[in-house]
Amino acid sequence: MDKLAKQLHDDAQRIDASVSDELERRIEASLRAATPELEGSRPAPVTRPPLFWWASTITGVAAAVAVIAIANWRAPDQPAAPPVNIVAAMPSLDLNAETAMLTGPLQQELDRLQSDLKKAEEKVKQEIGL
Amino acid sequence: MSDELKLIAAAKAGSADAFADLVRAYRVRLLRFLLTRSPSYADAEDVLQDTLVAAFRYLHSYDPRWRFSTWLYRIAIRNAAKLRGPELVEIGDLRDQENDPLQQCIADSETENLWVSARQLLNDEVYSAMWLRYAEDMSVNDISRALDRSASWTKVNLMRGRRVLGTHLNSAAQQSEAYG
């Protein structure tokens, strides 16, 4: 036993507790007044007849069948709606505007290049005296 | 068959005298434990009485594979918890009360009782585990049964309790050295 265990053991023994005569009389009186529950005194668990279990089983199976039937029940087929023409329903796009937006900068660049080319031709002609 | 088992058999048959003889050896030990957990001496006595009556009443449920003291302590711990109720304070907060039965019972002692510190530093369950181990010399398995806890929980919390009290002892020793 280590030091701590020994001290705990000794300190517990140093707690001065005593059962007074009055407490002893109280305990004995209450023990005599108490009625112990005997092992066989507990009411036996209620046993149900086999018919009860059969009835429960049949009820459960019937309920399950009903649930499955309801889940699988379908209403009679409705006449199908005519197909919708998706292309006709779509709004038309202004493709020309889109093309102009895309080719506009290229056209300007082409004009500038052609202008530069003409200027260069004229300059060459002046230099060679044509 | 040991005397204790004979008394248990007689008490199970309904003999209050046999049961009184059976628990005579345990009454002081139980009262000592309950004094450390109750707000007053009278409460500790009431819990002891309730514990013994409950043990007599439900003796048919006692399993002889357990030590009888383990079973008694299990009932006592539950009854003590019921007495204090959820609205009452932890045992550590009993220390300042003038009618603290533990303080009264160790008033004549010259040195500090470590169980007073234990009550302040440990929670209810760890305190009970420490008491059962070191005051009652119960095995870890018996303590687990008394507290309705696993053996591993009991081992871990006994170790924690020891560490807390060991640290407290060391700091107390250093303080006394510092003050000469």
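Letters go in sequence order (proteins before strands), and every chain restarts at 1.
- Taken from CG in Leu31(B) to CG in Leu23(A), the straight-line distance is 7.0 Å, to the nearest 0.5 Å.
- Using a 4.5 Å cut-off on side-chain heavy atoms (C-beta onward), Ile27(A) and Arg24(B) make no contact.
- With a 4.5 Å cut-off on non-hydrogen atoms, Asp50(B) does not touch chain A at all.
- Between the side chain of Asn113(B) and the main chain of Asp11(A), a donor-acceptor pair closer than 3.5 Å is present.
- Most heavy-atom pairs under 4.5 Å with chain A: of the set Asp46(B), Leu165(B), Leu114(B), this distinction falls to Leu114(B).
- The distance from the CD atom of Gln49(B) to the CD atom of Glu28(A) is 11.5 Å, given to the nearest 0.5 Å.
- Contact record, Ala135(B) with His9(A): O-CD2, 4.1 Å, taken as the closest heavy-atom pair.
- Of the listed residues Phe33(B), Trp131(B), Phe56(B), Phe19(B), the one with more heavy-atom pairs under 4.5 angstrom with chain A than any other is Phe56(B).
- Atom NE2 of His168(B) is separated from atom CG of Leu4(A) by 10.5 Å, given to the nearest 0.5 angstrom.
- For chain B, the nearby parts of Leu31(A) are the backbone and the side chain; heavy atoms of each come within less than 4.5 Å.
- A single hydrophobic cluster is not seen to contain both Val156(B) and Trp153(B); linkage of ILVMFWY side chains at heavy-atom distances under 4.5 Å, directly or through other members, places them apart.
- Under the 4.5 Å side-chain criterion, counting only non-hydrogen atoms from C-beta, Asp17(B) is in contact with Arg32(A).
- If you measure heavy-atom distances from Thr35(A) to chain B, the contacts under 4.5 Å come from the backbone alone.
- Summarising the local packing, CG of Leu117(A) is surrounded by more than 12 heavy atoms from other residues, nucleotides or ligands at distances under 6.0 Å.
- Taking 4.5 Å as the limit, every side-chain heavy atom of Glu45(B) sits out of range of all side-chain heavy atoms of Glu22(A).
- Tyr41(B) and Ala17(A) get closest at one heavy-atom pair: OH-CA, 4.1 Å.
- For Val53(B) against Ala34(A), the heavy-atom pair with the smallest separation is CG1-CB, 4.0 Å.
- The greatest number of non-hydrogen atom pairs below 4.5 Å with chain A, out of Met130(B), Arg162(B), Glu136(B), is found for Arg162(B).
- With a 4.5 Å cut-off on non-hydrogen atoms, Leu169(B) touches chain A through its side chain but not through its backbone.
- Between the side chain of Arg32(B) and the main chain of Ile15(A), a donor-acceptor pair closer than 3.5 Å is present.
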